[in-house]
Number of protein chains: 2
Amino acid sequence: VTLPTPDVGAHPAPPPPFRAVAVVGLGTIGGSLARDLAAAGVRVLGYDADAETLHAAHAEGVLDAVLPPDLGGVEEADALVIALPVDLAPAALAGVAARAGRLRLVTDVGSTKRGIVRAAEALGLGPRFVGSHPLAGDHRSGWGASRRGLFRDAVVYLCPADGADAGACDAARRLWEGVGARTETLDAAEHDRRLAWTSHLPQVLATSLARTLAGAGYRPSDLGPGGASMTRLAGSSPRMWTGIARENADELAEAVEQCRAQLDGLRDALRHDDEAVHRWFAGGREFGA
Amino acid sequence: VTLPTPDVGAHPAPPPPFRAVAVVGLGTIGGSLARDLAAAGVRVLGYDADAETLHAAHAEGVLDAVLPPDLGGVEEADALVIALPVDLAPAALAGVAARAGRLRLVTDVGSTKRGIVRAAEALGLGPRFVGSHPLAGDHRSGWGASRRGLFRDAVVYLCPADGADAGACDAARRLWEGVGARTETLDAAEHDRRLAWTSHLPQVLATSLARTLAGAGYRPSDLGPGGASMTRLAGSSPRMWTGIARENADELAEAVEQCRAQLDGLRDALRHDDEAVHRWFAGGREFGA
């Protein structure tokens with residue numbers, strides 16, 4: 001007998017590496033991505049609303065070409081990365097939608113994904129839109145905080161729009177894996193729920209602690225190493241976090257509520273006995289380093 | 001005219017450096033202090049309830065002599081450092097009080113100071129007792145986490161007992177400055193109030209976050225760098241923190257309550273507008289790095 005040749009599925013030929021990528025917004029994330037791409041020999045077309053940033057990125061040889069405010073010429077790129085705060089990204093997407101037809105991939109880098117994915121779908125960009133969220137960054141912000149290698153070993157969540165084509169999904173994976181990241185694809189709603197707990201809640205606690213200390217008259221120099229590490233994130237961009245918190249307000253509120261309940265649990269344990277307090281401090285210890 | 005010679009005050013001759021120091025409890029703090037003292041040529045007499053720790057400290061040449069469980073022989077030292085969890089320190093102090101008469105200094109290293117200072121006064125040790133609290137440590141605990149240089153550039157709070165003599169205060173300063181720390185003297189009650197906010201509250205928030213995440217089914221590997229830095233302290237010793245939280249429960253409860261109010265403030269801002277949320281995230285930013 002002759003066994004049939006197994007159907008291993010249609011393996012599309014790998015797409016050619018990116019020749020040119022457009023990056024809109026050259027802050028910590030966009031700037032770092034632009035640096036890595038340029039270093040890999042990819043032509044980077046860039047835009048930033050801050051003229052000094054744009055000048056610096058071009059003068060340092062990171063940008064091959066500067067895009068105008070209307071992003072005319074973006075269609076020369078294979079991929080467009082919108083690296084703006086989450087509340088500005090949808091408008092930028094709308095502004096460029098008419099020109100985005102030739103792009104293999106349109107993506108963003110925002111920390112929330114439901115809004116931008118919905119916006120892309122509504123603009124008819126669904127087939128080539130795959131939202132990205134790199135778990136990388138810095139408490140500092142702006143071009144000055146960007147650097148090569150920021151994404152090495154970082155996780156990047158990918159949230160494809162409804163009906164995103166295989167080529168766009170593949171391009172998104174290659175874009176981030178090309179700068180050293182590991183990608184994980186998940187639904188935008190699931191992404192936002194997960195990040196409310198694992199990222200937005202930690203930020204909220206850092207700011208809450210800093211506000212509490214400032215309100216009680218303490219200064220950063222009053223802190224030991226533990227307290228200093230717990231307030232470091234409070235220096236993150238309020239601009240960026242306002243957008244994130246407002247867009248993900250429903251999920252974030254639930255996470256904050258659960259954390260308040262844990263604080264209540266300590267208060268009750270303190271009124272009880274040593275064993276209850278010990279149990280409280282021992283819980284969640286697997287998260288400690 | 002002849003100006004009178006100004007009275008510059010009685011400058012006591014500096015005491016001789018410590019010949020021998022007894023350290024009871026060889027965890028991260030006691031062990032690190034013992035290592036630094038031994039490296040500086042001071043004889044270190046040590047005791048730890050854990051036989052393996054005691055053996056290791058002696059075998060590594062850090063301890064010059066091992067003290068018995070009743071601390072007999074402690075009177076051969078110039079200073080005694082009780083480096084035990086805050087809820088065990090008073091009993092150890094009571095056990096050794098009768099032998100402590102010849103010591104120039106008796107101190108501890110606990111993170112709360114009212115209880116131990118009161119205990120020392122009640123035992124008649126006030127004249128030679130100066131409580132210490134080094135703002136140093138590690139989320140890990142035990143002899144294995146001890147290391148040389150832990151106190152370099154660290155702040156060490158000193159809380160003298162009522163009526164502590166000048167020699168004891170001077171010895172406490174020299175002990176810690178000799179291992180590279182900066183000392184700051186303050187009242188035990190003021191110390192405990194300050195630390196409730198600057199140290200105990202950060203620890204409570206780290207554990208609250210870890211408990212919240214564990215309760216919602218998340219794993220440490222789900223966290224990005226920000227979340228990981230905010231849960232690191234959750235690995236601290238529950239044994240140690242139970243004692244601290246119970247002893248400082250009144251001050252800690254007030255700090256936790258103020259932090260809860262900050263979380264409520266965010267919830268209200270989220271229902272309001274971008275400007276309110278921006279104001280919230282911008283507050284306390286001076287604590288950020």
Side-chain angles (χ1 to χ4, degrees), chain A residues 135 139 155 194 197-199 201-216 218 220 222-227 229-236 238-239 241-242 245-246 249 253 255-256 258-260 262-263 266-267 270 274 277-278 280-289, chain B residues 135 139 155 194 197-199 201-216 218 220 222-227 229-236 238-239 241-242 245-246 249 253 255-256 258-260 262-263 266-267 270 274 277-278 280-289:
Chain A
L135 286 193
H139 45 270
V155 168
R194 186 189 297 187
W197 298 78
T198 61
S199 167
L201 178 60
Q203 173 64 45
V204 162
L205 291 179
T207 298
S208 294
L209 175 59
R211 290 177 60 91
T212 302
L213 292 171
Y218 293 101
D222 294 322
L223 299 178
S229 74
M230 291 295 291
T231 49
R232 198 161 290 130
L233 289 178
S236 304
R239 174 82 188 72
W241 279 100
T242 298
R246 289 276 278 178
V256 168
Q258 290 302 317
C259 194
R260 282 172 92 266
Q262 293 296 339
L263 292 174
L266 173 63
R267 185 193 54 202
L270 283 173
D274 279 2
V277 177
H278 191 279
W280 193 86
F281 278 107
R285 211 181 169 191
E286 72 269 27
F287 277 85
Chain B
L135 286 193
H139 45 271
V155 168
R194 186 189 297 187
W197 298 79
T198 60
S199 167
L201 179 60
Q203 173 64 43
V204 162
L205 290 179
T207 298
S208 294
L209 175 58
R211 290 178 58 92
T212 302
L213 292 171
Y218 292 101
D222 294 323
L223 299 178
S229 74
M230 292 294 292
T231 49
R232 198 161 291 133
L233 289 178
S236 304
R239 174 81 189 71
W241 280 100
T242 298
R246 289 276 278 178
V256 168
Q258 291 302 317
C259 194
R260 283 172 92 267
Q262 293 296 340
L263 293 175
L266 173 63
R267 185 192 54 203
L270 283 173
D274 279 2
V277 177
H278 190 280
W280 193 85
F281 278 107
R285 210 179 171 192
E286 74 269 28
F287 277 86

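Naming: A, B, ... by sequence-line order, numbering from 1 per chain.
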- Query: Quick one: does Ser229(A)'s side chain get under 4.5 Å of Ser229(B)'s, heavy atoms only?
  - Reply: no
- Task: Starting at CH2 of Trp197(B), measure out to CG of Leu223(A) and round the result to the nearest 0.5 Å.
- Result: 13.0 Å
- Query: Tell me, do Val204(B) and Trp280(A) make a side-chain contact under 4.5 Å, heavy atoms counted?
  - Reply: yes
- Out of Asp222(B), Thr198(B), Val155(B), Leu201(B), which one racks up the most heavy-atom pairs below 4.5 Å with chain A? Thr198(B)
- Can you name the side-chain hydrogen bond (donor to acceptor under 3.5 Å, both in side chains) partners of Arg194(A), sequence neighbours left out? Tyr157(A), Glu184(A)
- Item | Candidate list Thr212(A), Thr207(A), Leu205(A), test side chain to side chain contact (heavy atoms under 4.5 Å, CB included), partner Leu263(B), passing option | Leu205(A)
- Query: Looking at side-chain heavy atoms only, is the closest gap between Leu266(B) and Ser208(A) below 4.5 Å?
  - Reply: no
- Query: Counting distance only, does the side-chain N/O of Arg285(B) pair as donor-acceptor with the main-chain N or O of Ala234(A) below 3.5 Å?
  - Reply: no
- Query: Taking Val277(A), Asp274(A), Leu135(A) one by one, which has the highest count of heavy-atom pairs under 4.5 Å against chain B?
  - Reply: Asp274(A)
- Query: Is it true that a side-chain atom of Arg232(B) and a backbone atom of Gly288(A) form a donor plus acceptor pair closer than 3.5 Å?
  - Reply: no
- Note on the structure: Okay, Leu233(B) and chain A: the region with an atom under 4.5 Å from a heavy atom over there is side chain
- Query: So which of Ser236(B), Ala253(B), Ala249(B) has the largest heavy-atom pair count under 4.5 angstrom toward chain A?
  - Reply: Ser236(B)
- Note on the structure: On a heavy-atom basis, the closest approach of Pro220(A) and Phe287(B) is N-CE2, 3.4 Å
- Message: So for Ser199(B), is it side chain, backbone, both, or neither that comes closer than 4.5 Å to the heavy atoms of chain A?
- Response: neither
- Message: Does any backbone or side-chain atom of Ala245(A) lie under 4.5 Å from a heavy atom of chain B? Answer side chain, backbone, both or neither.
- Response: both
- Query: Quick one: of Glu286(A), His278(A), Gln258(A), who has the most non-hydrogen atom pairs under 4.5 Å with chain B?
  - Reply: His278(A)
